[in-house]
Amino acid sequence: NLPVVHMIRRHPELREGYFSPAVPWATGDSQSVGAFTRLPKINMYAYVSVPGDYVLHRWWQHNAPIVISFAIFFGISVVIAYRVTQREQHHSSELIDQARHDALTGLPNRASLDSILNANIFSATAGKSKFALLFLDLDRFKDINDTLGHAIGDKLLVNVANTILPLL
């Protein structure tokens, strides 16, 4: 009562093939897998079969190092990709922050003015808040830089920024 016999009886045109317990014509307790072929000179079939768990065991025995190596490699790759992505996001945020703020005072610069104004106008239009715009101009600041030097001019700008910053 071999599965291959049932298959050949139902499909006499078959000349060769494979069989396993998953095919619909495999019946009984036999959980074997195998192959068969029709011998051309004589009206006979030759087949070989082995227990299915033996095939699985041999496959795992042969491929386990490859599968385990791949899993480790994949895990390491995922960790590296995650860390690189996090680092890039952090670096990008720092660059954007540096581009939108004055390096000396830390205050928002002209590059960020549009987004700050648009956000405040949108919020005020929606009735969520009010805002005011303050424009400061340090008269004769160029004269301070020219006569006292840029270091003193920088200190003046930092002092003005430190005075304004708590009011923001």
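If you're wondering where the values come from, they're calculated on a predicted model, not measured in any experiment.
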Rounded to the nearest 0.5 Å, what separates atom [atom1] in [X] from atom [atom2] in [Y]?
{"X": "Leu14", "Y": "Arg38", "atom1": "CG", "atom2": "CZ", "answer": "10.5 Å"}
{"X": "Asn145", "Y": "His150", "atom1": "CG", "atom2": "NE2", "answer": "5.0 Å"}
{"X": "Glu88", "Y": "Ser93", "atom1": "CD", "atom2": "OG", "answer": "10.5 Å"}
{"X": "Ile152", "Y": "Thr147", "atom1": "CD1", "atom2": "OG1", "answer": "9.5 Å"}
{"X": "Leu138", "Y": "Leu157", "atom1": "CG", "atom2": "CG", "answer": "6.0 Å"}
{"X": "Ile144", "Y": "Asp154", "atom1": "CD1", "atom2": "CG", "answer": "11.5 Å"}

Transitive ILVMFWY side-chain link [X] to [Y], under 4.5 Å:
{"X": "Ile76", "Y": "Val84", "answer": "yes"}
{"X": "Leu148", "Y": "Leu156", "answer": "yes"}
{"X": "Ile121", "Y": "Leu133", "answer": "yes"}

ask   = Is the side chain of Ser112 donor-acceptor paired with the backbone N or O of Pro108 at a distance under 3.5 Å, no angle test?
value = no
query = Sub-3.5 Å donor-acceptor pair from the side chain of Ser123 to the main-chain atoms of Ala119, do we have one?
reply = no
query = Between Arg58 and Gln61, do the side chains contain an N or O donor and an N or O acceptor separated by less than 3.5 Å?
reply = yes
ask   = Side chains of Gln86 and His90: do they bring a donor and an acceptor to under 3.5 Å?
value = no
ask   = How about Ser77 and Phe73: do any of their side-chain heavy atoms sit closer than 4.5 Å?
value = yes
task = Could you check Val67 against Trp60 for side-chain contact (heavy atoms from CB on, under 4.5 Å), going step by step and ending with a plain yes or no?
result = CA-CA 9 Å; Val67 171; Trp60 181 249; 4.2 Å; yes
Less than 3.5 Å apart, which donor and acceptor atoms pair up between the side chains of residues 96-107 and the rest of the protein, not counting sequence neighbours?
residue, atom, partner, partner atom, Å
Asp97, OD1, His101, ND1, 3.1
Arg100, NH1, Ala111, O, 2.9
Arg100, NH2, Ser115, OG, 3.0
His101, ND1, Asp97, O, 3.0
Asp102, OD2, Leu104, N, 3.1
Asp102, OD2, Thr105, N, 2.8
Asp102, OD2, Thr105, OG1, 3.0
Thr105, OG1, Leu107, N, 3.2

ask   = Which atom pair, heavy atoms only, marks the closest approach of Leu117 to Phe131?
value = CD2-CE1, 4.1 Å
task = Check whether more than 12 heavy atoms from other residues, nucleotides or ligands sit under 6.0 Å from atom CZ of Phe141, and answer yes or no.
result = yes
query = Would you say Arg15 has more than 12 foreign heavy atoms packed within less than 6.0 Å of its CZ?
reply = yes
